[in-house]
Amino acid sequence: MPELAEVEFYRKQWDSGLRQKILSVDIHADKRVFRGTDIDLLRRTLAGATLLQSRAHGKQMLFCFSKGGWLGLHLGMTGKLRTESAAFVPVKHDHLVLRQKKQTLVFGDPRLFGRVLFERGTAAPAWWTNLPPGIFSAQFTLAACERFLKRHGKAPVKAVLLLQAGFPGIGNWMADEILWQSRLHPRGAAGKLDGTARKILFRETRFVAKQAMKIVGEDFSDLPKSWLFRYRWKKKGICPRCAAVLEHASIGGRTTCWCPECQVEN
DNA sequence: TACAATGTTTTAAG
DNA sequence: CCTTAAAACATTGT
């Protein structure tokens with residue numbers, strides 16, 4: 001489910017636990033979300049540690065604890081963070097449960113595509129500091145964006161938007177939205193976009209990301225009725241701009257929705 | 001029933 | 001070594 005803005009929304013769901021101690025840790029140790037993670041270290045470190053701060057970058061989250069604990073979380077397709085009461089009894093898919101005096105911090109993920117990482121150290125882990133420049137960073141420039149498009153020039157532009165190395169935080173719905181707002185066909189080769197198209201794509205990427213952060217990232221409000229998003233999963237969805245019946249196909253390995261009238265190959 | 005789901009990783013091929 | 005495409009992962013809901 002979660003892309004850039006949804007991840008930001010879920011990150012904040014643990015805010016009520018900031019500056020408070022973790023009393024105990026409950027873990028579904030055999031679940032796939034802990035693949036490659038030192039669960040014993042996680043348990044030992046977090047028990048008795050205080051949650052100091054949290055950050056999100058693209059689809060990645062990092063929670064910083066005292067005792068040098070760094071907890072990385074990725075929500076995969078169906079992961080969620082939430083806060084429950086102190087007396088909360090975990091249910092089936094609550095794989096990581098951090099108990100505090102006044103509340104319980106929960107990470108649940110039915111489909112198990114999410115991931116829990118844990119490291120102990122004085123500085124943030126390398127996987128975090130090495131993340132690519134975010135959409136809103138000064139390094140995310142038109143030139144950098146164009147280099148990335150060129151580098152993946154044979155692939156459909158839809159597939160390139162999904163690559164986290166170049167567009168961190170962009171996922172399936174945001175990629176479709178960006179292409180629709182840019183009036184670009186998702187199947188067009190990234191390397192064949194002309195200068196104007198590349199500029200529009202760059203601008204709309206930042207526009208969609210910024211609006212989504214403001215609307216969804218804040219409190220999970222609904223996106224505007226003027227956006228493709230509101231119609232993309234409807235049975236006979238109509239383009240909110242020209243009223244043409246929307247098309248669907250698998251592009252870049254994901255179901256893609258576009259307007260056959262507005263979005264032309266460039 | 002069979003298929004698809006707001007994602008990433010692995011594998012294979014060019 | 002790099003890019004691209006497809007399969008795999010696990011569960012739920014339509």
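Labels below follow one simple rule: chain letters A, B, ... track the order of the sequence lines, proteins then strands, and each chain is numbered from 1.
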Check [X] against [Y] and note the closest heavy-atom contact, atom names and distance.
X: A:W180; Y: A:C239; value: NE1-SG, 3.5 Å
X: A:L117; Y: A:T37; value: CA-OG1, 4.0 Å
X: A:Q263; Y: A:P186; value: NE2-CD, 3.9 Å
X: A:I135; Y: A:R206; value: O-CD, 3.6 Å

Do any side-chain nitrogens or oxygens of A:T78 fall under 4.0 Å of OP1 or OP2 in B:dG7? no
Hey, is the side chain of A:Q164 poking within less than 4.0 Å of OP1 or OP2 on B:dG7, counting only N and O atoms? no
Rounded to whole Å, how long is the line connecting atom [atom1] of [X] with atom [atom2] of [N]?
X: A:R115; N: B:dT9; atom1: CZ; atom2: P; answer: 7 Å
X: A:R254; N: B:dC3; atom1: CZ; atom2: P; answer: 18 Å
X: A:D176; N: B:dA5; atom1: CG; atom2: P; answer: 11 Å
X: A:N172; N: B:dA5; atom1: CG; atom2: P; answer: 8 Å
X: A:M61; N: B:dG7; atom1: CE; atom2: P; answer: 14 Å
X: A:H248; N: B:dC3; atom1: NE2; atom2: P; answer: 19 Å
X: A:R35; N: B:dT9; atom1: CZ; atom2: C1'; answer: 8 Å
X: A:F167; N: B:dT8; atom1: CZ; atom2: C1'; answer: 18 Å

Under the side-chain contact (heavy atoms from CB on, under 4.5 Å) criterion, do A:W127 and A:L62 qualify, and how do the steps go? CA-CA 10 Å; A:W127 67 260; A:L62 183 67; 3.8 Å; yes
What is the per-nucleotide protein-contact pattern of nucleotides 3-11 of chain C, from the 5' end, where B denotes a base atom under 4.0 Å from a protein heavy atom, S denotes such proximity for sugar-phosphate atoms only, and - denotes neither? SSS---BBB
Below 4.5 Å, heavy atoms only, C-beta onward: do [X] and [Y] meet side chain to side chain?
X: A:V116; Y: A:K31; answer: no
X: A:F202; Y: A:E146; answer: no
X: A:L75; Y: A:D109; answer: no

State which residue, out of A:C257, A:C259, A:P240, fulfils the side-chain contact (heavy atoms from CB on, under 4.5 Å) condition with A:Y231. A:P240
Member of A:Q181, A:K199, A:E177 meeting the side-chain contact (heavy atoms from CB on, under 4.5 Å) criterion with A:E204: A:Q181
Please tabulate the protein-to-nucleotide N/O contacts below 3.5 Å involving nucleotides 10-14 of chain B, giving atom names and distances.
none

Output the pairing pattern of DNA chain B as a dot-bracket string, 5' first, Watson-Crick or G-U wobble with both distances under 3.5 Å, | for cross-strand pairs, [ ] for crossing pairs. .||||.||||||||
Hey, what's the ring geometry for A:H248 with A:W233, parallel, tilted or perpendicular (30° and 60° as the breaks)? parallel
Nearest-Å distance once atom P is located in both B:dT11 and C:dA10: 15 Å
